[in-house]
Amino acid sequence: MMIDDSFFWFKRNRLTIPGVRGEHLFMHISDTHISTTDELSTPEERSETEKQEALWADFKEKFARGKLPFSQGNDEPYSEAQKISTVAAFEKQMALARELKPEALLLSGDNLDHMHPAGERYLKKMLASYEGKFLCVPGNHEAAACDGAWQPGVHTLEFDGFRIAAVDNSQRTVSAEDLEALKSLCAEGKPMILLCHVPLSTDACREEMHRIMDYFYIDAETADETGRAFVSLCEESDAIRAVLCGHVHGYHEMEFAPGKLQVVGSQGMAGAVHLLTVTG
Ligand SMILES: [Fe+2]
């Protein structure tokens with residue numbers, strides 16, 4: 001059973017949306033930072049991958065143990081089981097998804113460590129062979145599009161009584177087009193869970209987010225006009241019930257507005273998994 005593998009550590013949340021029938025399980029992972037090579041990789045790509053793998057072998061531990069200025073307070077599982085390559089970690093995550101069979105696998109960005117052809121080919125192949133539904137957003141380490149994984153624009157998965165909407169806020173703002181698309185979805189009124197990369201900092205959670213570092217969140221003090229409008233929409237729209245994100249490489253959960261849950265998933269490359277159950 002993958003679920004018993006000591007690589008993984010789990011956080012679980014339940015979200016109640018009145019009117020939803022039954023229980024709906026979602027597997028949310030973030031920041032898998034895949035770096036890989038294949039037979040088509042150039043020598044330059046190989047050396048970049050080696051460099052990034054070495055960097056994360058060190059950094060993911062420092063994040064987990066709270067050894068970086070912006071990870072202070074983190075004390076997350078980190079032992080031999082977490083000291084595996086980003087590809088080995090991703091394969092475990094996908095195997096876990098195949099075992100758990102969530103209603104959707106949700107990837108909240110920095111799926112790839114950097115845009116590199118072998119990484120894109122690998123991710124595309126892994127997601128194509130996954131039989132369940134999935135939804136991805138790009139992280140700040142990634143481009144706006146990655147064939148087979150994510151595309152520009154707001155994308156949704158529809159369920160009976162709620163939807164999940166993927167929004168690219170990886171540059172600590174959203175595009176005017178995406179903001180309008182999200183407003184239209186909100187106007188429909190169907191309850192919505194947002195999937196994005198960068199956490200929101202709002203009046204309700206500013207104190208907690210400010211303990212991290214402004215690089216890691218989007219709020220009215222740091223965002224541009226559409227970014228500010230995005231944060232306000234998330235706070236004020238009755239349709240938006242929860243936000244699932246990542247970017248911080250540490251787990252946090254908080255309310256970003258009364259009754260609205262924000263879950264910051266920790267680093268999937270070090271075994272973090274967030275399981276969300278939506279129920280009525
Ligand atoms: Fe990241």
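In listed order, ligands and their atoms are each counted from 1.
Looking only at protein N/O/S atoms, the ones less than 2.8 Å from the Fe ion (ligand 1) make 4 in total.
Residues in residues 143-155 take part in these side-chain hydrogen bond (donor to acceptor under 3.5 Å, both in side chains) pairs, two or more places apart or across chains: Lys124-Asp147.
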Original post:
Which is it for His141 and His114 under the ring pair (Phe, Tyr, Trp, His ring centres under 6.0 Å) test, yes or no, and what are the steps along the way?
Top reply: CA-CA 5 Å; His141 285 244; His114 55 290; 8.6 Å; no
**OP:** Start with the C-alpha gap between Val20 and His24, add the side-chain angles, then the distance that decides, and say whether side-chain contact (heavy atoms from CB on, under 4.5 Å) holds.
**Re:** CA-CA 9 Å; Val20 168; His24 304 263; 3.5 Å; yes
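Taking the centre and axis of the six-membered ring of Phe10, the NZ or CZ atom of Arg12 falls inside the cone set by 45° and 6.0 Å.
Taking the charged nitrogens against the carboxylate oxygens, Arg163 and Glu188 do have a contact shorter than 4.0 Å, which makes a salt bridge.
The residue from Trp56, Phe70, Phe216, Tyr78 that alone fulfils the ring pair (Phe, Tyr, Trp, His ring centres under 6.0 Å) condition with His249 is Trp56.
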